[in-house]
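First up is the structure itself, then whatever we jot down about it.
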Protein chains: 2
Amino acid sequence: MSVGMSLLAILEDGPSYGLQLKNDFEQRTGGIWPLNVGQVYTTLQRLQRDGLVEAESSNAAESQKIYGITDQGRQRLSDWFREPAADGPPAREGLVLKLVMVTRRNRDDAVGVIQTERRGAVQLLQEYTRLKRETPSDGDLGWLFLLDSLIFTTEARVRWLDSCESRIAASGDTAPQRRPVEPATHAFEHEEVPS
Amino acid sequence: MSVGMSLLAILEDGPSYGLQLKNDFEQRTGGIWPLNVGQVYTTLQRLQRDGLVEAESSNAAESQKIYGITDQGRQRLSDWFREPAADGPPAREGLVLKLVMVTRRNRDDAVGVIQTERRGAVQLLQEYTRLKRETPSDGDLGWLFLLDSLIFTTEARVRWLDSCESRIAASGDTAPQRRPVEPATHAFEHEEVPS
DNA sequence: CCTCCTCTGTATACCGAGTATAGAGAGCCT
DNA sequence: AGGCTCTCTATACTCGGTATACAGAGGAGG
């Protein structure tokens, strides 16, 4: 739950409340990662349930609930920073999945997908580099990290798409692979289904 | 819903049922992306609700429900292949979030996070390149795409981590950074907030 | 035969991430 | 006063993901 941990990290700088946490979160990520307000409240409830956060009385306005981090919360946050991020299988990625699926179906469609995505990625890349150009290189470290991350992964995506396209080009001449789409298949195809 | 669309893509090859769909999915992704069975059934229910899939009578065993793609499902699948994948803000990434948060808190901890993650990423990279070495370069295109994607993004992650570390090294000497905690941004309310 | 065990297959409960929206209260303006 | 906007909290809902319950079929062995 990286959102919850991020809220904990913000709360470590002092007690706060829902909307303020949302704003702080978005400020720290330069507005690149907007955070839905509703998610803040549900996440706070979960953090409170787990004892990582406690509600403090807001004497002035009833409409504000101030939350503060607990000692257990500080401990949990420390653990989060210490433990490695990825342990299970790598996260599924929509575009990769799409390309895997479309390639088996029709290689021409795959080339279309690649070209569409490449255009989008290059455009994003230009946007990110523009943002970076406007940022002093001694600016906020977190913001620079985030920008660099976006740039590196988007660059990698472009190069990956190029490699996919050339792979298709290299193999397309030799291997036909897929039937030309027919409706009304399954009537007769039933025998092979195990029963 | 890329999982649902992937199931649709599999169903385009002919009717099938829950467990078989899980197995086909994992076979197409070379076992890199295991798919929980439960998710298959709930996703099938959603697809059926939306009319993209229909339950066919399972003649032999009652314990098997055979699903087939509908014309509407084929249309939806075509649309999925045609439409660009990413339109909203880029997906939040746990590691980037962690690094952004930890950097603001303590740069030494940030270096620790970077080094831990770098070790893990390099190890993954070795694993992926080993898998690639064992794959003939004219093998299944989808599998090669998937493998390349993992390699490209993991490489990018390593280079990103290196760049983060050198940024910290470059700026660490000059700039103190921890803000001395200022709540009270907000008009009148919490002059009572304990800090 | 009957029991136990395993394998296959389906289904549900639950959690977290994420979105949309309802609705209360305060301040302001005319 | 009425009405508007802004702030703030809260809930309902969807989807991705995991674990687990549950039912049936078939085999092994007493």
Side-chain angles (χ1 to χ4, degrees), chain A residues 1-8 15-26 29 32-50 52-53 55-58 60-67 76 80 86-94 96-97 193-195, chain B residues 1-8 15-26 29 33-50 52-53 55-56 58 60-67 80 86-94 96-97 185-190:
Chain A
M1 49 147 56
S2 48
V3 173
M5 292 303 107
S6 298
L7 294 187
L8 268 193
S16 187
Y17 59 95
L19 257 194
Q20 182 64 39
L21 287 169
K22 168 197 154 72
N23 293 333
D24 284 356
F25 181 94
E26 292 181 347
T29 59
I32 287 282
W33 285 334
L35 179 58
N36 187 287
V37 204
Q39 196 172 350
V40 175
Y41 292 100
T42 54
T43 304
L44 278 174
Q45 284 170 8
R46 260 178 283 138
L47 291 173
Q48 189 173 18
R49 176 202 61 190
D50 299 340
L52 308 179
V53 132
E56 313 184 356
S57 62
S58 79
E62 334 283 307
S63 64
Q64 264 184 358
K65 272 192 204 162
I66 308 273
Y67 289 90
R76 181 72 188 78
W80 184 60
D87 44 346
R92 284 206 275 273
E93 242 239 86
V96 181
L97 211 39
V193 173
S195 54
Chain B
M1 52 151 45
S2 49
V3 172
M5 291 304 108
S6 298
L7 294 188
L8 268 192
S16 187
Y17 58 96
L19 257 194
Q20 183 64 41
L21 287 169
K22 167 198 155 72
N23 293 334
D24 284 357
F25 181 95
E26 292 182 347
T29 60
W33 287 333
L35 180 58
N36 186 286
V37 204
Q39 196 172 351
V40 175
Y41 293 100
T42 54
T43 304
L44 279 174
Q45 285 170 6
R46 261 178 282 139
L47 291 173
Q48 190 174 17
R49 176 200 63 190
D50 299 341
L52 307 180
V53 132
E56 313 184 356
S58 78
E62 335 283 309
S63 65
Q64 264 183 357
K65 273 194 206 163
I66 309 274
Y67 290 90
W80 184 59
D87 45 346
R92 285 206 275 272
E93 242 237 86
V96 181
L97 211 39
T185 47
H186 236 313
F188 39 76
E189 65 252 7
H190 41 43

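Each chain gets a letter, A, B and so on, in the order the sequences are listed, and its residues count up from 1.
Residue contacts shown for A:Gly18 are limited to sugar-phosphate atoms, with no base heavy atom under 4.0 Å away. Contact annotation for B:Val40: no contact, since no heavy-atom pair falls under 4.0 Å across all strands. Nucleic acid contact class of B:Thr42 (heavy atoms, under 4.0 Å, all strands): base.
For D:dC13, the OP1/OP2 oxygens have no side-chain nitrogen or oxygen of B:Arg46 closer than 4.0 Å. Between A:Tyr41 and the phosphate of D:dA10, there is no side-chain N or O to OP1/OP2 separation shorter than 4.0 Å. Contact annotation: B:Tyr17 reaches the phosphate of C:dG9 (side-chain N/O to OP1 or OP2, under 4.0 Å).
Judged by distance alone, with hydrogens and angles left aside, the side-chain atoms of A:Arg92 form a donor-acceptor pair with the main-chain N or O of B:Pro34 at under 3.5 Å.
With contacts defined as side-chain heavy-atom distances shorter than 4.5 Å, the pair B:Val96/A:Trp33 qualifies. Within the 4.5 Å cutoff, side-chain heavy atoms of B:Leu21 are placed close to those of B:Leu44.
Distance from the side chain of B:Lys65 is smallest to C:dA11 among C:dA11, C:dA20, D:dG16.
Residue whose closest nucleotide on DNA chain D sits further toward the 5' end, between B:Gln39 and A:Tyr67: A:Tyr67.
An angle of 30°, rounded to 10°, separates the two end axes of the helix from C:dC1-D:dG30 to C:dT30-D:dA1, each defined over five pairs.
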